[in-house]
Amino acid sequence: MSSEKIKIIFLASFISFLHISINAQTLNGIVLDENKLPLQKVNILNKTKNHHTHSDDRGSFSFEGVSLGDTLQFSHLGYVTQLVTVEDLNATLKIILETKSISLDEVIIAPNSNILSLIADIDIQTNPVNSSQDILRKVPGLIIGQHAGGGKAEQIFLRGFDIDHGTDINLTVDGLPVNMVSHAHGQGYADLHFLIPETIQKVDFGKGLYYEDKGNFTTAGYVAFETKKKLDNSTVKLETGQFNSHRLLGMFNLVKSPKNNAYMAAEYLLSDGPFESSQNFNRVNIFSKYTSHLSTTDKIGVTASYFTSKWDASGQIPQRSVDDGSITRFGAIDDTEGGNTSRTNLLVNYDKILDDKSNIRSFMYLNHYDFELYSNFTFFLDDPTNGDQIKQRESRMIYGVNSEYRRSFSGKNMNGSWQAGISLRQDQSKENELSHTLNRKETLNQIQFGTINETNFGAYLGTALNFDKWTINPSVRVDYFDFQYNDNLATAYMTLKETQAIVSPKLTISYNQSNDLQLYLKGGKGFHSNDTRVVVTEITEKTLPAAYGFDAGFIWKPTSKMFLNVAYWYLFLEQEFVYVGDAGIVEPSGKTQRQGVELSYRYQPTSWFYWNFDANYTYARATEEAVGEDYIPLAPDFTLASGLNFQFDSGLYSNINVRHIGDRPANEDNSIIAKGYTIADLNLGYKWDAISLGIQIQNLFDSEWNETQFATESRLQNEIASVEEIHFTPGSPFFLRASIQYNF
């Protein structure tokens with residue numbers, strides 16, 4: 001080959017390389033909202049080359065492989081999607097996104113995005129939360145029930161679990177843990193009533209045990225609530241309804257600027273309920289939040305709240321007393337049940353952006369909590385003279401700190417991120433008590449009485465690796481527990497102590513066929529800790545019983561107006577927790593396995609109509625029992641929830657929601673059945689610029705249903721022998737309330 005030809009080839013190669021270098025570079029930019037505040041997790045799609053990236057915590061992004069003339073799409077749920085043609089690769093691109101109503105066609109099925117949580121955001125906007133009980137119902141497949149006068153934490157059902165009050169679901173608010181370990185009423189007790197519904201900005205959730213930053217109780221899944229950092233406007237709202245039910249809400253902007261925001265919210269509720277004996281229920285909530293952007297790299301937030309509640313309750317009543325006419329469905333055998341509780345929270349969070357690729361998030365919290373509950377599950381079974389009323393009481397302090405470091409990286413054929421985190425939590429529960437009482441006044445004898453100190457240290461490491469259409473998320477979590485108990489009923493002082501650690505590996509693999517279809521496979525290990533009093537006194541029981549599971553499914557948008565998620569899942573538990581009504585505690589049981597299929601469907605053909613549909617089927621059994629005696633009490637095998645939502649430009653809105661839970665076994669041999677129910681609720685209202693009027697109807701068709709049910713052995717005062725049968729709390733009858741809201 002002649003030297004001239006070599007020169008020509010070299011020159012052509014150099015020009016080609018130079019052309020690629022000039023036209024395929026790294027584009028830097030920032031995405032802001034209308035208030036010039038940074039927007040995080042904005043999805044940025046290079047439509048020309050079909051590549052993705054996201055904005056970071058300060059709204060910045062660095063997009064490699066961008067050429068002149070490429071079309072970039074900037075999309076974020078709740079904001080107008082913007083298309084931009086790249087005209088300059090050297091200048092920093094500044095994008096400002098305008099807010100808009102959330103719509104389904106904005107959702108892009110992108111790697112590393114929690115698409116199901118985005119769908120929950122749409123559900124909240126199209127059908128806003130109207131009460132504290134509505135909060136958890138935003139999680140597809142989750143059913144709740146109240147059985148103690150409105151003040152006690154709800155009973156939760158998810159993925160074939162009767163989770164009771166939180167034994168197998170991890171709940172947080174702005175990172176603050178809600179679950180109470182070694183609680184007086186039961187392990188994992190999670191009372192969300194301190195959360196004011198109107199302050200919720202986002203509901204993040206995940207089913208299963210595949211999340212390295214979620215620790216204890218994350219077996220059926222987790223729900224992480226995020227409250228608003230700022231208010232669009234101040235609000236006063238008044239609600240009034242049947243059964244002497246009233247609610248007053250106030251939400252007020254204190255500071256509102258591009259760099260600093262502060263607001264306060266408060267609510268007061270009272271209700272007598274539909275019961276023959278008044279519930280005398282009232283609740284006070286006070287919530288405040290301050291957020292400050294100290295600089296482009298530093299953000300600090302302070303959240304403080306106070307909650308207190310008291311109530312009377314008619315308790316769970318035996319079916320036989322209703323059948324023989326001695327009481328009505330809304331009557332009582334012992335109407336001296338009830339209780340009071342309070343919670344004070346202080347949370348400080350600090351976010352620091354270290355550089356273009358890394359940041360660190362930290363928060364610390366302090367919580368003071370009081371609880372006192374009176375119950376009578378068995379009536380006169382154990383004490384024919386005084387009855388079987390029990391008191392459960394505790395006073396608790398919780399201290400905690402969490403910190404996470406996250407760094408993104410990119411290479412020629414792969415990009416991604418990795419994160420590492422640590423957490424420390426200590427619970428000090430003083431005077432944790434279970435006593436036999438009379439008429440909520442006299443303590444007849446103390447069954448348990450002591451002080452609990454439980455410390456949990458956690459650390460995790462995980463990464464997300466993206467190459468071509470694949471994303472792989474391997475991770476591992478380590479938890480260490482120190483359990484200590486001082487029994488105040490013992491004659492001599494002694495600290496009973498046990499320690500144990502558990503390692504939980506996890507792996508998620510997803511394949512994005514396109515922006516409209518994702519296939520995924522998840523597997524991993526999780527756990528729920530045991531009660532400290534069980535750990536230190538019953539050495540044969542597992543301290544940190546593990547759970548193993550996997551999910552396989554797909555997320556698909558067959559059209560821009562439709563969304564479909566289908567999954568098959570399996571879960572094995574080394575130890576089940578079973579609620580024991582006569583003792584009012586949750587005790588360890590044997591091994592169990594669950595498997596099921598779940599379906600979520602959303603359809604939004606127009607801007608004013610939205611349909612949500614969720615169905616779940618589960619097969620749940622104990623693995624160490626004989627066939628026919630291996631049913632898991634109260635484990636639901638079929639649940640369904642659906643809603644039709646209408647929001648017109650005129651200001652008129654309406655939605656009707658239906659929830660269903662099928663018949664399920666109430667005991668191990670399925671000889672006692674907890675009856676299922678189907679309930680419909682209706683919301684109707686009209687919004688002007690500043691005023692909104694609304695009507696909410698619970699149980700629209702006035703169905704007769706049992707909200708919570710248990711198979712309990714009890715004896716009435718006039719009975720010679722005990723009877724085991726369904727004991728239930730009746731669900732609300734037709735319940736109408738109206739509201740008026742003023743925004744300013």
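Just so you know, residue 1 is the first one in the sequence shown, and it goes up from there.
Atom NZ of Lys229 has 12 or fewer heavy atoms from other residues, nucleotides or ligands within 6.0 Å. More than 12 heavy-atom neighbours from other residues, nucleotides or ligands sit within 6.0 angstrom of CD on Glu724. Within a 6.0 Å radius of CG in Asp702, other residues, nucleotides and ligands contribute more than 12 heavy atoms. For Lys228, the NZ atom sits in a packed shell: over 12 heavy atoms of surrounding residues, nucleotides or ligands are nearer than 6.0 Å.
Aromatic rings from Tyr306 and His368 are positioned such that their centres are separated by 6.0 Å or more. Ring-centre distance between His165 and Tyr189: below the 6.0 Å cut-off. Ring-centre distance between Phe609 and Trp611: not below the 6.0 Å cut-off. Ring to ring, Tyr677 and Trp705 are close: their centroids are under 6.0 angstrom apart.
Checking side-chain atoms of Asp382 against main-chain N and O of Asp388 turns up no donor-acceptor pair under 3.5 Å.
Judged as a salt bridge (Lys or Arg N to Asp or Glu O under 4.0 Å), not a single pair has a partner in residues 181-192 (not counting sequence neighbours).
A cation-pi arrangement is not found for Arg283 relative to Phe194, the charged atom failing to lie both closer than 6.0 Å to the ring centre and inside a 45° cone about the ring normal. Figure legend: Arg715 and Phe380 shown without cation-pi pairing, the cationic atom not lying both under 6.0 angstrom from the six-membered ring centre and within 45 degrees of its axis. Judged by the 6.0 Å distance and 45° axis criteria, Lys687 is positioned over the aromatic ring of Tyr653.
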Output, in order, the C-alpha distance, side-chain angles, deciding distance and verdict of salt bridge (charged side-chain N to carboxylate O under 4.0 Å, His left out) for Arg247 and Glu239. CA-CA 5 Å; Arg247 177 176 183 249; Glu239 300 177 7; 3.1 Å; yes

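Leu158 contributes atom CG, which lies 9.5 Å from atom CZ of Phe205 (distance to the nearest 0.5 angstrom).
Between Gln316 and Thr729, the side chains place no donor N or O within less than 3.5 Å of an acceptor N or O (distance only, hydrogens not considered). Using modelled atom types and a 3.5 Å distance limit, the side chains of His185 and Lys152 yield a donor-acceptor pair. Side-chain contact, Asp614 with Asn616: no donor N or O sits under 3.5 Å from an acceptor N or O. Defined by atom type and a distance below 3.5 Å, a donor-acceptor pair is missing between the side-chain atoms of Asn699 and Asp681. Asp162 and Gln155 are linked by a side-chain donor-acceptor pair at a separation below 3.5 angstrom, with hydrogens and angles left out of the test. Side-chain N/O atoms of Glu267 and Asn285 include a donor and acceptor closer than 3.5 Å. Of the N and O atoms on the side chains of Asn706 and Arg329, at least one donor lies less than 3.5 Å from an acceptor on the other residue. In the model, Asn645 has no side-chain atom that pairs as donor or acceptor with a side-chain atom of Gln647 under 3.5 Å. A donor and an acceptor atom, one from each side chain of Ser714 and Thr378, are nowhere located under 3.5 Å apart. No donor-acceptor contact under 3.5 angstrom links the side chains of Asn432 and Arg396, judged on distance only. A donor-acceptor pair shorter than 3.5 Å can be found between the side chains of Gln389 and Thr437. Between Ser429 and Asp427, the side chains place no donor N or O within less than 3.5 Å of an acceptor N or O (distance only, hydrogens not considered). Inspection of the Asn345 and Ser305 side chains reveals an N or O donor paired with an N or O acceptor under 3.5 Å.
Salt bridge present: Lys289 and Asp174 bring a charged side-chain N and a carboxylate O closer than 4.0 Å.
A heavy-atom distance below 4.5 Å is not found between the side chains of Glu372 and Gln392.
Take Phe243 and apply the ring pair (Phe, Tyr, Trp, His ring centres under 6.0 Å) test, not counting sequence neighbours, and it matches Phe735.
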